[in-house]
Amino acid sequence: MMAAPLAVLPAGVSSPVFARALAQLRKVVGPEYVLVDREALLPYEKLMLAAPQDEYAPSGAILAATVEQVQGVLAVCNKYRVPLWPISTGRNFGYGSALPATRGQLILDLKRMDRILDVDPVLSTALVEPGVTYQQLHDHIAERNLPLWLDFPGGGPLVGPLGNTLERGTGSTPYADHFAHACGMEVVLADGRVLRTGMGSLPGSRSWQAYRYGYGPYLDGLFTQSNFGIVTKLGLWLMPSPASYRTILVQYPEDAALERAVETIRPLRLAGTIANPCALSNAALALTAYTRRAELNQSGGPTPDAVILSAARQHGIEPWNLSFTLYGTAEQIAPNLDIVTRAFEMSGGRVDPDHHDPSQVNELNLDAFHLLDWVGGGGLAWLAPVSAALGADAARQRDIARGILGRHGFDYLAAPTVYGRDLHHLIALVFDHGDPQALQRARTAFRELARAFLDNGYGFARTGIDYMSALAREYGETHREVNRTLKRALDPNGILAPGKAGIRP
Ligand SMILES: Cc1cc2nc3c(=O)[nH]c(=O)nc-3n(C[C@H](O)[C@H](O)[C@H](O)COP(=O)(O)OP(=O)(O)OC[C@H]3O[C@@H](n4cnc5c(N)ncnc54)[C@H](O)[C@@H]3O)c2cc1C
């Protein structure tokens with residue numbers, strides 16, 4: 001019987017060769033775990049970005065359940081030169097979701113590897129596989145009644161710590177920098193060898209999740225935002241539950257206060273008085289929790305500021321809205337509350353010391369998804385130009401963003417966020433993905449925004465599959481050449497995620 005022709009083939013691989021590879025892959029993972037029918041692939045194909053779906057169509061998906069199966073898959077893919085795009089929970093929404101950076105890659109879905117291998121309440125650490133979600137880890141901790149908190153990104157219940165950490169994703173508590181709180185990886189290299197980083201390579205090691213650097217070069221960074229290996233285990237540091245906490249809302253009643261707000265936050269973050277990131281949500285972003293754009297604005301242009309503000313104020317929202325949390329004993333919190341109240345009031349902020357933000361206090365939620373309701377239609381591309389945490393830079397970024405978004409008919413939905421010495425000006429470009437004109441406008445606006453930020457010296461810490469190569473070029477030839485040298489050394493056939501972070505063999 002002749003098999004139906006495959007709709008999408010890996011670049012440079014003929015249909016008969018791909019069919020042979022698939023036959024061998026079916027032996028490795030079982031036939032039901034090799035998906036090539038378009039229908040079976042639909043869950044992988046939902047692209048939110050403003051990019052032509054077709055350019056990122058996968059040739060199939062394969063679901064491995066063990067390290068041995070991952071090694072088996074790699075052997076076949078090396079033999080037939082089939083490119084493999086590993087995903088963990090595959091919900092990289094606003095950056096490419098589960099889709100590969102180039103057409104025709106075979107998605108290696110690791111969601112079946114979903115064991116929580118260890119949670120140590122004494123050291124506050126965990127060891128997880130790629131498919132573990134934050135919800136699963138949260139439930140596990142709750143069932144064992146352990147005094148541990150999780151830090152998770154927006155979308156926390158659906159996504160997982162391993163994939164998020166490999167993207168160097170962020171959350172909202174003092175453990176917000178996920179890579180900074182990762183400790184030890186197990187990585188399957190392209191040739192099938194298994195590397196354990198940090199203390200993990202030492203026979204009989206008893207400190208894999210306790211000490212990050214091991215001996216010699218610190219390798220873990222090489223496996224984040226890269227295509228140098230497949231990570232099959234990740235160690236995590238978890239936050240011990242604090243004795244108590246107090247979440248504070250600071251609101252600034254005028255747009256011009258952004259600069260002052262950032263100047264006020266930075267010293268408090270650097271001194272450790274505020275231990276978690278400080279995201280300043282603008283009125284439009286905060287308003288997405290309550291209203292849709294269509295209720296305020298039927299024009300093709302951006303919603304006027306005055307209209308946004310008047311609607312926002314009905315819900316107690318101001319031009320800039322910041323919430324952060326003080327963690328610790330009541331004795332620790334009281335003096336810090338005095339310090340922050342004085343500082344924010346002096347800068348013109350109104351302080352409410354009795355606020356609640358679930359993401360800052362270990363309560364998983366899907367609140368962030370409200371921003372997609374603003375226009376509907378499921379289009380989302382994130383842009384977060386990075387600057388030093390200086391008020392003048394935040395204001396300049398705001399002006400660039402507002403100008404370009406407005407010219408293309410989009411609203412400026414933003415949360416400039418001070419992490420420490422760095423500020424990431426998070427901007428959500430939301431649009432109706434089903435409307436080809438809106439998609440085209442979003443694509444143009446994204447490129448124009450990215451160009452303008454780069455021309456002003458603001459790079460990006462992460463980007464979508466449609467902009468990875470362009471962004472990598474901005475970081476210069478030496479940077480690219482070093483990455484290429486590593487790629488050739490670690491993956492000579494170039495089968496792992498070509499195009500990831502702009503790195504190609
Ligand atoms: C409303 C909303 C809010 C969001 N808020 C946040 C936020 O607060 N913080 C944040 O960081 N993100 C946020 N995101 C973006 C995104 O949803 C998260 O970053 C999410 O955690 C990434 O998806 P994932 O965890 O399923 O990772 P995956 O999609 O599984 O992995 C991400 C990428 O990492 C690589 N990768 C994954 N697994 C492996 C592996 N085992 N080996 C090698 N490479 C691998 C692949 O390139 C993959 O594409 C948000 C998205 C939305 C829509």
Side-chain angles (χ1 to χ4, degrees), residues 44 46 48-49 56 58 64 67 70 74 84-102 105 107-114 128-135 151-173 176-179 185-190 220 222-234 277 279 285 288-289 359-360 365-374 378-382 384 413 415 417 419 424 426 428-430 461-465 468 491 496-503:
Y44 296 96
K46 197 172 159 21
M48 300 169 92
L49 297 174
Y56 307 96
V67 168
V70 170
L74 282 166
L84 263 186
W85 180 267
I87 60 168
S88 289
T89 42
R91 289 167 173 145
N92 206 7
F93 300 139
Y95 295 106
S97 304
L99 288 174
T102 60
Q105 299 193 42
I107 294 171
L108 173 61
D109 183 346
L110 299 172
K111 71 163 168 266
R112 293 172 67 213
M113 297 179 72
D114 63 351
V128 298
E129 290 190 328
V132 171
T133 62
Y134 286 102
Q135 184 70 57
D151 187 281
F152 42 82
L158 306 174
V159 305
L162 195 143
N164 185 275
T165 302
L166 294 189
E167 284 292 85
R168 299 200 294 266
T170 52
S172 311
T173 77
D177 177 345
H178 293 163
F179 180 55
M185 291 177 175
E186 179 185 86
V187 188
V188 184
L189 301 173
D220 299 50
L222 288 179
F223 302 104
T224 64
Q225 290 193 6
S226 81
N227 47 18
F228 299 154
I230 298 172
V231 179
T232 46
K233 291 182 183 64
L234 180 73
L285 181 64
T288 61
S359 301
Q360 297 182 27
N365 65 86
L366 291 170
D367 296 353
F369 280 88
H370 284 306
L371 70 90
L372 291 167
D373 300 333
W374 184 242
L380 169 67
W382 295 110
L413 308 176
T417 304
Y419 286 96
H424 298 225
L426 190 70
L429 176 52
V430 292
R462 183 175 174 186
T463 196
I465 51 174
M468 286 177 174
D491 178 18
L496 286 182
K500 175 74 184 178
I503 306 166

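Quick caveat, the model's predicted, so the values are computed rather than measured. Computed from heavy atoms alone, side chains included, the values below leave out hydrogens, waters and symmetry copies. Whatever order the structure lists ligands and atoms in, that order sets their numbers, starting from 1.
- Between Tyr134 and Val128, the closest side-chain pair of non-hydrogen atoms is not below 4.5 Å.
- Asp109 pairs by the side-chain hydrogen bond (donor to acceptor under 3.5 Å, both in side chains) definition with Tyr44, Lys111, not counting sequence neighbours.
- Listed here is the closest heavy atom pair of Gly131 and Thr89: O-CG2, 3.7 Å.
- The shortest side-chain heavy-atom distance between Val132 and Leu234 does not fall under the 4.5 Å cut-off.
- Protein neighbours of ligand 1 below 4.0 Å, counting non-hydrogen atoms: Trp85, Pro86, Ile87, Ser88, Thr89, Gly90, Arg91, Asn92, Phe93, Tyr95, Leu110, Pro153, Gly154, Val159, Gly160, Leu162, Gly163, Asn164, Leu166, Glu167, Gly169, Thr170, Gly229, Ile230, Val231, Ala368, Phe369, Leu380, Trp382, Arg462, Lys500.
- Counting only distance, with no hydrogens or angles, the side chain of Thr288 and the backbone of Trp374 share no donor-acceptor pair below 3.5 Å.
- Exactly one residue among Thr165, Thr224, Asn164 makes a side chain to side chain donor-acceptor pair (under 3.5 Å) with His178. That residue is Asn164.
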